[in-house]
Colleague: 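First, the structure itself, so that you have it in front of you.
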Amino acid sequence: MYDLLIRGAGLLQIDGAAASLLPGHDIAVRAGRIVAVAPAISPGLAAEVIDAAGMLAAPGLVNAHAHAAMGLFRGVAEDVPVDVWFNQRIWPMETNLTPEDIYWGTLLGIAEMIEAGVTSFADHYFAMDEVARAVDESGVRALLAWTVFSGPDEEHQLQDTLAFAAHWHGAAGGRIRTCLGPHSPYTCTPGFLSLVSSAARASGLGIHIHLSETAEQVSQSLAAHGKTPVALARDAGLFEVPALVAHAAHLTAEDIAVFADCGVAVAACPKTEMKLGVGVTPVVDLLGAGVAVGLGSDGAASNSSYDILEAARLIALLEKHSRRDAQVLPVGAALGLATAGGARCLGLGGAVGALQVGMQADIALLRLDAPHMQPAHDLPAALLYSAQPADVDTLIVAGRVLMRGRRLLTIDKGRVLREVSARAGRLTRRRAGEQVATYPEAS
Ligand SMILES: [Zn+2]
């Protein structure tokens, strides 16, 4: 018997840079995993059957760097430089957040991700018990890190985050995993980063950190410490555990070699990086060096959306544009960043990111009947360059259907929208001198 049978979809297959379609296949799911893929599996063997004839089945998308609750701040910091974004808008406003705000904000982000075909995300924020609760209830998969900064209470913060990580690691049937979340080298001292890396090693946890987002951050690190942020993080021991780095937009050849040597994974967030005008992750160079690369949304306060297909489209266009080369980052490679590449970033390589027997049943079913998806000469290309979140009809995580016919089955969307709306006004208040951290002034 199977728990779930998906019948008659075209299956997206990605093999390196090549993407292809396996037409008219069935996918059988048992105990959360894909256990059979074949042209015709008897529906009598399944407890639940989804007729997906005429649809495209894609591996669930992976958002490799997010702050899901920051949808609460969508649109409050447009067209400002990064120092103003942090010091005058976001970090003063984040002092208003209560744990319950973060719970509802995270559900808003998860609802948006489910509707956009995202099945897994790596989150980095505050009050992470509330984020974990939202992940548990909504049925998605996540790697969760509690953001910590240097400060008088840094050791206390670290103890709290270790308690969170221990409590939730492996929870929700294994859908939740945890790691440590030092914010960045510009908000954490080298000594604190060393403390975090020691704690990660001792606890068997990985880390998730922002590195080298702007050229200014790199030059300030060179002036203050005589090394790039990547070298500083390595010397603090952060790459001795599984490490996920967000942005890494400004890298030396040595930095890229460090990532490759240490097995560091990188989450590129092209929309945020473009909107803030800070420079974009050199994805093709990183892939060429053998580095695992995925795609992130970052928070919706900078990125405006949690649409990972959009991120894949943007990075493919950016690399082709900047290199004046239509052949770089072909369709399969770009879709691979959004699926198997992201899975590697989350430590889920080999378990998530492909529609194959033995993999977790994390699946997005997309309708193909919108004008922008027809005719179907090249469906992988249509998915990358033409598809919209609204084309996602059904979303499945670990064999459980979370959305069907675009109706969310685990989240009360009306309630989420009401809760967010009721909280939004209070969250934008700013009080002089109150902010969660300080972004270094330009030197
Ligand atoms: Zn971020």
Side-chain angles (χ1 to χ4, degrees), residues 62-74 76-77 80-87 89-91 93-94 97 102 105-106 109-110 112-113 118 120-128 131 142-149 161 179-188 193 196 206-214 216-217 229-230 233 238 243-251 264-281 283 293-308 310-311 314-315 342 345-346 435-440:
V62 179
N63 184 347
H65 177 69
H67 314 282
M70 290 188 80
L72 293 168
F73 299 110
R74 192 182 338 246
V76 303
V80 294
V82 66
D83 57 331
V84 174
W85 190 93
F86 276 122
N87 285 334
R89 306 289 175 89
I90 300 303
W91 280 347
M93 292 181 190
E94 283 181 334
L97 287 168
I102 289 174
T106 301
I110 292 173
E112 184 182 344
M113 284 193 259
V118 174
S120 301
F121 69 107
D123 207 67
H124 199 296
Y125 212 51
F126 316 109
M128 291 301 290
V131 176
L143 174 66
L144 304 180
W146 195 314
T147 305
V148 288
F149 304 108
T161 190
C179 63
L180 299 185
H183 178 268
S184 64
Y186 55 87
T187 55
C188 299
L193 293 177
V196 172
I207 63 106
H208 181 179
I209 189 170
H210 300 87
L211 280 187
S212 300
E213 299 153 288
T214 72
E216 184 80 14
Q217 288 172 17
V230 172
L238 292 176
L244 170 57
V245 164
H247 303 296
H250 297 271
L251 300 174
V264 172
V266 174
C269 306
K271 188 176 176 186
T272 280
E273 293 158 9
M274 291 166 76
K275 276 190 77 188
L276 286 169
V278 294
V280 175
T281 312
V283 166
V293 182
L295 295 171
S297 59
D298 218 342
S302 55
N303 202 73
S304 307
S305 72
Y306 292 109
D307 180 352
I308 291 303
E310 179 186 55
L314 287 173
I315 199 65
C345 289
L346 269 63
Q435 52 191 77
V436 298
T438 303
Y439 190 80

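Counting from 1, the numbers follow the sequence of the chain as shown. Since this is a predicted model, take the numbers as computed values, not measurements. Remember, it's 1-based here, ligands and their atoms both numbered in the order they're listed.
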Colleague: Taking N, O or S atoms only and a limit of 2.8 Å, check whether His67 reaches the Zn ion (ligand 1).
Modeller: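 True for His67.
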Colleague: Strictly below 4.0 Å, N to O, side chains only: are Glu94 and Arg89 in salt-bridge contact?
Modeller: no
Colleague: What angle, in degrees and rounded to 10°, do you get at the Zn ion (ligand 1) when you join it to NE2 of His65 and to OD1 of Asp298?
Modeller: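 Computed angle, vertex at the Zn ion (ligand 1), rounded to 10 degrees: 100°.
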Colleague: Under 6.0 Å between ring centres: does that hold for His183 and His208?
Modeller: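 No, they do not, as the ring centres are separated by 6.0 Å or more.
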Colleague: Which of parallel (below 30°), tilted (30 to 60°) and perpendicular (above 60°) describes His210 and His67?
Modeller: parallel
Colleague: The Zn ion (ligand 1) and His247: any N/O/S contact shorter than 2.8 Å?
Modeller: no
Colleague: Parallel, tilted or perpendicular for Tyr439 and Tyr186, by the 30°/60° rule?
Modeller: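 Ring orientation, 0 to 90° scale: perpendicular.
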